[in-house]
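Single-structure report; data block below.
All values below come from the heavy atoms of this structure, side chains included, with hydrogens, waters and symmetry mates left out. Numbers restart at 1 for each chain; the letters A, B, ... are given by sequence-line order, proteins then strands.
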Amino acid sequence: MEPVHPEFVPDASLDRDEMEALQREIATEAVFDDDFALDPSRVCADRETGQQELGATGSEESAAGDAPVVVGVDQAFLDDDRAVSALVALRDGEVIERAHAVAPTEIPYIPGLLSFREGGAILAGFRELSVEPDLAVFDGSGRIHFREAGLATHVGVTLDVPSVGVAKNLLCGRPVASTDGLAEGDRVAIEADGDVTAPDGTVIGYAVQSRQYDSPNRYVNPLIVSPGHRVGAETAADLVLSCSAGYKLPEPTRLADQYADDLKAEVGD
DNA sequence: GCGACAG
DNA sequence: ATCTTGTCGC
């Protein structure tokens, strides 16, 4: 698929102020509320370990309808100046397509400007994807960003695809409570603070415990989930938990991670 | 000046 | 992100 908003395609040649200005513009176009066609209850990870449990009303049976297509996206680096994006499309927990692309990394990693470093490779990857995604899951922040335009939001808005951001660490914002020792399935809201453009107290995402060990001295940190585009914070957390299948990372992301590793080894061009 | 920062 | 063995636990 191609960008719906070419003017938002990340341009690594912009200077820092221009990048930040573009992010503010993107945040204006972003929709942080549910506005998608997919049925959240049909977004499951795996038939065997998925945690989705449909109500037994007797009249349903995977009505062979149109289960939503969820695409997991991740990046890896081949060189110091080449990144590879890996996309894995799933429907009903089954991989239906994989796509990838290699693109130059023109700028270094700068907190808050990640999409300008990895966005090019990601969009190139989507260009190679033939299925139409109902939801894209990115590795990084969405609304949990200084200017509410993290990677998931930037790419989601550019492609105008519903998206969520899944990060392993908090970029900014303030958890409303301790995020330590949460039980599997728990979530703690992340509110905007002085570092975020949103009004103080706005819920911009959630710390989500997708996996946790039941007993002793072994802990798993929660995922940091935030809306990318056309998805509200609560729904973003719901979707991530729905896509989780016993691992910390939701299936789309886990498979994309895996695919990226394979590409790194196989496509050592 | 100090603190803080996705991948 | 990336560089990497062993190690603890179910």
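Per the geometry, CD belonging to A/Q258 stands 15 Å off P belonging to C/dA1, to the nearest Å. Protein atom CG of A/L151 is 13 Å distant from nucleotide atom P of C/dA1, rounded to whole Å. Rounded to an integer number of Å, the gap from A/D80 CG to C/dT2 C1' is 10 Å. The nearest whole Å value for the distance from the CG atom in A/D81 to the P atom in C/dT2 is 15 Å. Rounding to whole angstrom units, CD of residue A/Q212 and P of C/dG9 are separated by 15 Å. Rounded to a whole Å, the CG atom of A/D79 is 12 Å from the P atom of C/dC3. Atom pair A/I122:CD1 and C/dA1:P shows a separation of 13 Å (rounding to whole Å applied).
Proximity of the aromatic rings of A/F32 and A/H229 is defined here by a centroid distance below 6.0 angstrom, and this criterion is not met.
The two residues A/L182 and A/Q212 make their nearest non-hydrogen contact at O-NE2, 3.2 Å. Contact detail for A/A86 and A/L263: the closest heavy-atom pair is CB-CD1, 3.9 Å. Between A/V9 and A/H154, the shortest heavy-atom contact is C-NE2, 4.4 Å.
Cation-pi geometry between A/R187 and A/Y206 is met: under 6.0 angstrom from the ring centre, within 45 degrees of the axis. A cation-pi arrangement is present between A/R254 and A/Y247 under the rule of less than 6.0 angstrom and at most 45 degrees off the ring axis.
Heavy atoms of A/G165 sit nowhere under 4.0 angstrom from any nucleic acid atom. Contacts of A/L113 with the nucleic acid, taken as non-hydrogen atoms under 4.0 Å apart, include base atoms. Counting any heavy atom pair closer than 4.0 Å across all strands shown, A/A83 reaches no nucleic acid atom. Counting any heavy atom pair closer than 4.0 Å across all strands shown, A/F77 reaches sugar-phosphate atoms only and no base atom.
Running 5' to 3' along DNA chain B, contacts with non-hydrogen atoms of chain A at under 4.0 Å begin and end at B/dC5 to B/dG7.
The CG atom of A/D35 lies 8.5 Å from the CG atom of A/D160; values are rounded to the nearest 0.5 Å.
Between A/K168 and C/dA1 there is a side-chain polar atom (N or O) within less than 4.0 angstrom of OP1 or OP2.
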